[in-house]
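Notes to accompany the following structure.
Proteins get letters first, then strands, A, B, ... in listed order; numbering begins at 1 in each.
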2 protein chains.
Amino acid sequence: MGKIADPARKSIGARRNPDSADAILEAAEAVLIEAGYAGFSIEAVARRARAGKPTIYRWWPSKAALLLEVYQRQKRVDIPDTASLEEDLVGFLINLFTHWRETSSGSIFKSLIAEAQSDETAAAALAGYAGGRRTHTGQIVERAKARGEIAGDIDPAVVADLVASYAWRHLLINRLDEPEATIRKMVRYLLQGIEAPGGQR
Amino acid sequence: MGKIADPARKSIGARRNPDSADAILEAAEAVLIEAGYAGFSIEAVARRARAGKPTIYRWWPSKAALLLEVYQRQKRVDIPDTASLEEDLVGFLINLFTHWRETSSGSIFKSLIAEAQSDETAAAALAGYAGGRRTHTGQIVERAKARGEIAGDIDPAVVADLVASYAWRHLLINRLDEPEATIRKMVRYLLQGIEAPGGQR
DNA sequence: TACCCATCGGAACGGAACGTTTCGTTGAAT
DNA sequence: ATTCAACGAAACGTTCCGTTCCGATGGGTA
């Protein structure tokens, strides 16, 4: 250890960091995509990145921390904005399922859930991510409420919670290939009877 | 359990099975409760059961298989039957959350989800369990439909899926302590507008 | 140019756990 | 009393975690 630590990282000065750090993150992502959580070991990442294990541990305190950064690095899913809550939600879920399937970032998210069972850091990150008001579904529903599309006595958080729960469960049981009709049926059911009296629909 | 070999097992003759098998299952459950998924190792279970590792591997092909049997052995939750879908669902969720919290079978279920990320057997079991028509929520909703409480064009599977999803997600983010009012609010929202025209309520 | 020194990759370590093999013992069925 | 499968214990080879040591690299500084 050095004399003064970077609050975010843990080492002293950063001379050749960025190259190594990027190579390691990219290797970690590649390993997760190709071998899944079962094959995600620090040694595999080091081999792939042509880096030494100590280099990885210099920058990330644990396997969970590396996984977390790989996850956060994934680019976000487009949030549709069609001025209709039903279309927004259906579009978002289809985008999300496709993104999870095609970029394998679903694997990464599932890995995070798995890691959270044995690592406190990952558990806190997962709970924080799910509990925050910044979730995608939360934004979509809040926007619809601001638009006056939802009755006043409906709590947007409940709708957002249910939509997110649906997505998580379908990810966990490997059912990301639901046809649009199935998703729309669920969303339609979910939105049944929540229109505000003067809502524009 | 009988005296002769259980055909579901893999070995030929089974002379001293039942005692050992029970001791191992009980030890596995105790280890999971006391040390969680992080401490759930075959060696810990063997030590606790005063059994040899080969004995465990003789009866369960993998750690996942043992975990699966521990889970199935313990998942008894009362299914309320109050002639009201809302009361049934709220009661069931409260029972389930309490059961998950107090018996630590929530830990076991989460462990199963984690294990499913690195073991194909566990993944299949999880998908099968969630996809089957035998889920608790499915039974509750089907019963309400038979009772005529639900409009004909509502698919009970959608409601059941959403309720189960809610439960899973709250388990995964360690939010099993929701007050009854919160759960009731969600269920009320979920059941809004689904009553059949002539439904008894 | 010559020196300094933090970071680097590689090799090796101790510890834990997986799943397997080997061996001597136990005990129910014959 | 004999047989034979299941048993517990111990040890094995493997993989991986996270750490320690080492020699090499290559910018910063005089």
Side-chain N,O (A:Arg50) to OP1/OP2 (C:dG9) below 4.0 Å: no
Between P of D:dA9 and CZ of B:Arg58, the distance in whole Å: 14 Å
Check nucleotides 15-21 of chain C for protein N or O atoms closer than 3.5 Å to its own N or O atoms and list the pairs.
unit_1	atom_1	unit_2	atom_2	d
C:dC18	OP1	B:Ile42	N	3.0
C:dC18	OP2	B:Ile42	N	3.0
C:dC18	OP2	B:Glu43	N	3.3
C:dG19	OP2	B:Tyr57	OH	2.5
C:dG19	O5'	B:Tyr57	OH	3.4
C:dG19	N7	B:Lys53	NZ	2.8
C:dG19	O6	B:Lys53	NZ	2.5

side-chain hydrogen bond (donor to acceptor under 3.5 Å, both in side chains) involving A:Lys63 - partner list, sequence neighbours excluded: none
side-chain contact (heavy atoms from CB on, under 4.5 Å) partners for B:Ala167, two or more places apart: B:Leu93, B:Leu96, B:Phe97, B:Trp100
Side-chain H-bond candidate by donor/acceptor type, B:His170 with A:Asp161, under 3.5 Å: yes
Atom pair distance, as rounded to whole Å: CD1 in A:Ile56 and C1' in D:dT20: 16 Å
A:Trp60 side chain near D:dC17 phosphate (N/O to OP1/OP2, under 4.0 Å): no
Ring pair (Phe, Tyr, Trp, His ring centres under 6.0 Å) contacts touching residues 70-95 of chain B (sequence neighbours left out): B:Tyr71-B:Phe109, B:Phe92-B:His136
For B:Lys145, all residues meeting side-chain contact (heavy atoms from CB on, under 4.5 Å), sequence neighbours excluded: B:Ile150, B:Pro156
For B:Glu29, all residues meeting side-chain hydrogen bond (donor to acceptor under 3.5 Å, both in side chains), sequence neighbours excluded: none
